[in-house]
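The structure appears below as structure tokens.
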Amino acid sequence: MATTTTTTSTRRRRRWLPICLATALVGGGTALVPAVAAAGGSDPAHPGHGHARSVIFVNGDGMAAAHREAGRLDQVGLDGQLAMDLLPVTGLQTTDPRDPEATVTDSAAAASAWSTGVKTYNGAISVDVAGHPLPTIGAQAREAGKATGLVTTAQVTDATPAAFFSNTTDRGLQDQIARQYLERSRPQVVLGGGEDWWRPAGDEGVFPPRAGDPADPEVSRSTQGDLVAEAQQLGYDYVSDAAGLRAADGDHLLGLFANEEMFQMRPEGQGDEYAPVVPLADMTRKALDVLSDDRDGFFLLVEEEGVDEMSHDNNGTRMLQAMRALDDAVQVARDYVAAHPDTLLVVTGDHECGGLTIEDVDPADESGPGGTLGGAPAGAGGTVSGEDGPFAVAGGNGGTFALDWTTTSHTGAPTVVTAEGPGSRDLVGFYPNTHVHEVLAAALLG
Ligand SMILES: [Zn+2]
């Protein structure tokens, strides 16, 4: 219980600080933030402050400033803005974990910081550095009477959604995380990949093992029995394809659309694929349809995992595809917020991935092999990672850009936070990722 006390006191102590900070930085000038003014229905004197009936939290996994700018150049060009960049409030967050072996975070520690307000070690799912479980936003929202849901192109039990709806000392225990969804946190909407963790070996479900890839056969592996059957007994509508998702009309929905991620990572040279059978935007729209029936409001987590995974592979083409899918989902969320201004929308990334930057195309400045622009071989002055491009700048002006990667891992570069709606003004500034938790908790539960 000591951990609960710590979390509560931290929230209480910090609730007023960001409000003062935001007011000082923005100067109370509502003219600077007209969309917030329109959205801040609960506190007209301080638009962007106040309580939110609902929260939509969007994670572009692995997405930092360069990913967003690359997406902007690719999708809308020099004079355009992505949906995620049109949100009126902007901040920056640092993402470091509390890990004796790492200064750079993984998705588990980062999402745990968002969900609980407590820094922890890489691999931890909403437990502290001693392994003690912490209250999660997902569970707290449900206790407050709100509907909850998660949508992701990763496994539905992958680190980010897991940290919002479960507690475990090891992110790899995905079948135990699935069981916690059913027995404890009970999100009403669960949509994404990861069927393998819901079906025991020998019961391959809808998606059979992948043939011809012994290194990554994607076989069912639940040690918790047939969790799909248990979900159905608990009242979940279970669907596995786009038509089933469209037809589902229950108030509890489990959709598993792939064995693992909803896209395919392949060994180098064999080509990654990004073609989810249900687009993230469609999953988001369906989740909002279901959750908005709750008069008490809801908490919805939306995640695009492809930004991170394609950055691990230094695959700029596929990363840009994932950014398009993500921004389409953000537009769905923005449309919902426009009609429901008592909703807080936050769009951010849990950490940077790839050490990505954007460059002009310059054959004399290629940093290494691996990308489509080639360059010096590794070990001969080149880096392990490479350079991708050229990519066309949208808008038909003939401009191009290159994507240069410096690592196939995560980095400690801060990530951008954009937001609108009640509570969003408290996200102005430069802060640790635990501050995002304070804002979410104050807006949704305070
Ligand atoms: Zn990653």
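In each ligand, atom 1 is the first atom listed, and ligand 1 is the first ligand listed. The first residue in the sequence is number 1, and the count goes up from there. Just so you know, these numbers use all the heavy atoms, side chains as well, and skip hydrogens, waters and symmetry mates.
- Taking the salt bridge (Lys or Arg N to Asp or Glu O under 4.0 Å) definition, one finds that Asp99 meets it with nothing, sequence neighbours left out.
- The number of protein N/O/S atoms found under 2.8 Å from the Zn ion (ligand 1) is 4.
- Within the structure, every pair that satisfies the salt bridge (charged side-chain N to carboxylate O under 4.0 Å, His left out) test and touches residues 157-182, not counting sequence neighbours, is listed here: Asp106-Arg171, Asp158-Arg171, Arg179-Glu183, Arg179-Glu230.
- Using a 4.0 Å cut-off between charged side-chain N and carboxylate O, Glu273 and Arg318 make no salt bridge.
- Electrostatic pairing of Lys286 and Asp289 does not count as a salt bridge here, judged by no charged N lying under 4.0 Å from a carboxylate O.
- For Phe165, there are no ring pair (Phe, Tyr, Trp, His ring centres under 6.0 Å) partners two or more places apart in sequence or in a different chain.
- Between Tyr238 and Phe257, the ring centre distance reaches or exceeds 6.0 Å.
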